[in-house]
Amino acid sequence: MAMICSISNEVPEQPVFSPASHHIFERRLIEKYLEENHTDPMNGEPLDPGDLIEVKSSPLIRPRPPTATSIPAILKLLQDEWDACMLQTFTLRQHLHTTRQELSHVLYQHDAACRVIARITRENGELRETLSNMKPISMLPSQGIGLPSEGTPSLFTPGAPMETGEQPADTATPKLLQPESNFSSITEDVKQRLQQTSSYLTAERKKRGKKPPEGLANPDDIQDYEMLESHSGLHSAGTPGILCLDMSGDYSHVLTGGVDKNATLFHRPSEQIVTSLKGHSKRVNQVVLQHQKACAFTASADSTIRMWECPSGECMRIVKAHDSDVTALSLHATGDYLLTCSLDRHWAFIDIESGTIMAKVASETSNSGLSCGQFHPDGHIFGTGTSDSVIRIWDLEDQNNVANFEGHQGSITSLAFSENGYYLASAADDSLVKIWDLRKLKNIKTISLDEKYEVRGLCFDQSGQYLAMAGSDIQVFLVRQWSMLQKFKDHNSVA
C-alpha cells in the first residue's frame with residue numbers, strides 16, 4: 001500500500017512518521033511547517049523535528065510527465081536541451097576569449113616590469129662598482145679615518161696615502177712569467193732556510209707546551225658569540241659571490257676574491273674599500289694577504305697567479321705556473337714562498353720575491369686534478385686534496401709523496417693543519433669532515449653533516465683548540481672532544 005503525505009496528498013520521497021498524530025508526512029514539508037508553528041499540523045500538539053521517525057521505503061520512481069510520453073515530445077525535449085547547451089557553450093567561449101585577452105595584457109605588463117627591474121639591477125650594480133672604485137679612503141679627512149691606529153701593524157707604509165688600485169696611465173704592464181722561462185730548482189740555500197724555519201717553529205711550539213695561551217676564549221664564551229659586522233657591496237652586484245677571503249695578522253684588513261674576476265682589499269675599522277685588484281679574466285678562486293711584505297696574491301680560473309702591491313693595487317707580477325684553473329694558494333711559514341695547486345694535476349713552489357717557479361710536481365699515480373692545498377705550520381711538509389677523494393702529504397725538500405689518506409667520497413674541498421702540527425682536518429663533497437692523526441697516519445674522527453651539506457672551508461685557530469667549518473652555515477668545534485660549540489646561520493648561501 002502506498003503511503004500518502006497528509007499535507008500534499010502525494011507519495012512522499014522521504015516519508016517520516018509523526019508520533020503525535022500518527023500521520024505520514026514528506027520530510028521537507030513537515031520540517032518547514034515545524035520551523036514556523038512547532039506543532040503537529042493534524043492535531044496541534046507540540047512536535048519537534050527531532051521527534052520525527054524516518055520510514056524506510058522503496059525508492060520512488062515517478063512516471064514520466066505527459067509531455068515525454070511520445071517520440072515527438074522526447075525529440076522536442078532533446079532539441080531544447082541541445083539549444084541550451086549551445087547557448088551555454090557560446091557564453092563560455094566569450095568568457096574564455098575575454099580572460100585570454102586579460103591574461104595576455106597582464107603577462108605583457110609582467111614582462112615589461114621584469115625588464116625594468118633587470119635594467120635597474122644592472123645599473124645599480126654598475127653604480128656600486130663605480131662607487132667602490134672612487135678612492136673612498138683618500139676622500140676622508142686629512143687625519144685619516146681609515147688608517148690604522150698608531151703602533152698597529154699595517155699593510156701601509158707610514159705616511160703613504162691609501163690608493164684604490166687604479167694604476168697610472170704610464171704604469172708598465174706587469175711581466176708574464178712563463179714556467180719555461182722562469183723555472184729553477186730548490187737550491188741548497190733555500191732548503192737550509194726551510195729546515196731552519198721548521199726547526200725553530202718546532203722548538204717554539206715545545207716551549208709553549210700544551211698550556212693554552214693567555215686570553216684564549218673558553219668554550220662557554222664561544223657559545224655566546226654572535227655576529228658583530230656584516231659588509232656588502234665589496235664585489236659587483238651583476239655577478240655576485242665571494243669565493244675566498246684572507247685577513248691580515250691584526251684583523252684590520254680583509255682580502256676577498258669573487259666571481260666578478262676581482263679581488264677587494266677592505267679596511268674593517270673604517271669600513272672602507274682600500275683597493276680593487278683587477279686583471280684576472282676569470283673568477284678568483286683563492287687569495288692570500290702577506291701582511292709583512294704589504295702585498296697580496298690571487299689565484300684564478302684563468303690559470304694565473306698575480307702578485308699585487310698594497311695599498312696601491314698595482315699588479316707587480318703575473319706567474320703562469322699552470323695550464324688549468326689554479327685552485328689553491330698557501331703561504332709558507334717563512335713568508336717568502338708560495339704553494340699553488342691546479343686542476344692540471346701539478347703543485348708549484350714559487351719564490352715571492354722573484355716570481356721564480358722553484359718546483360712543479362705532479363703525482364705519478366693519479367690523473368686527477370688538485371682541488372686544494374695547504375702548508376703544514378712548520379712548512380716542511382704540505383697536503384694536497386684531489387678530485388678523486390685522495391689526500392696526499394708531500395715532503396717539500398725532496399718533492400716526494402710521503403703519505404696518502406683515503407676515506408672520502410667525492411672531491412676534497414678543504415684542508416687545514418692544526419697549529420700543534422699533529423692533526424689534519426679534511427672536507428669533501430661527501431658531507432663529511434675527517435680528522436687525521438699525522439703521527440699515527442690514520443683517521444681518528446669523522447664528523448657527519450647533513451646530507452648534501454657543502455663544506456667550503458676549514459680552519460684551526462692559532463692555539464689549535466678550536467676548529468671552524470664554513471658551509472651553508474659556520475660551525476665551531478672543540479678539538480679532541482670534537483663537539484660543536486656554536487653555529488652561525490647569518491649567511492644566505494654557502495659560506
Could you check whether the rings of F266 and H231 sit parallel, tilted or perpendicular, using 30° and 60° as the cut-offs? tilted
Contact summary for Y337 and L331, nearest pair of heavy atoms: O-CD1, 3.5 Å
Residues Q101 and H97: side-chain donor-acceptor under 3.5 angstrom: yes
Applying side chain to side chain contact (heavy atoms under 4.5 Å, CB included), name anything that partners S463, two or more places apart in sequence or on another chain. P213, L216, D461, Q465
Are the charged groups of E454 and R456 less than 4.0 angstrom apart, N to O? yes
Closest heavy-atom contact between R317 and G355? CD-CA, 3.5 Å
Within 45° of the six-membered ring axis of Y251 and under 6.0 Å from that ring's centre, is NZ or CZ of R268 located there? no
I would like to know whether L432 and Y453 meet side-chain contact (heavy atoms from CB on, under 4.5 Å); could you show each step before the answer? CA-CA 8 Å; L432 298 176; Y453 187 99; over 6 Å; no
Closest approach of F488 to V476 (non-hydrogen atoms, all atoms of both residues): CE1-CG2, 4.1 Å
Electrostatic pair D302:K261 at N-O distance under 4.0 angstrom: no
Please report the shortest heavy-atom distance between C341 and T384, naming the atom on each side. SG-CG2, 3.9 Å
By ring pair (Phe, Tyr, Trp, His ring centres under 6.0 Å) - contacts of H380 (at least two apart): none
Looking at D189 and R193, is any side-chain nitrogen of the basic one under 4.0 Å from a carboxylate oxygen of the acidic one? no
Kindly determine whether L343 and H322 satisfy side-chain contact (heavy atoms from CB on, under 4.5 Å), including the steps that lead there. CA-CA 8 Å; L343 294 181; H322 298 283; over 6 Å; no
Under a 4.0 Å threshold between the charged nitrogen and the carboxylate oxygen, would K282 count as salt-bridged to D325? no
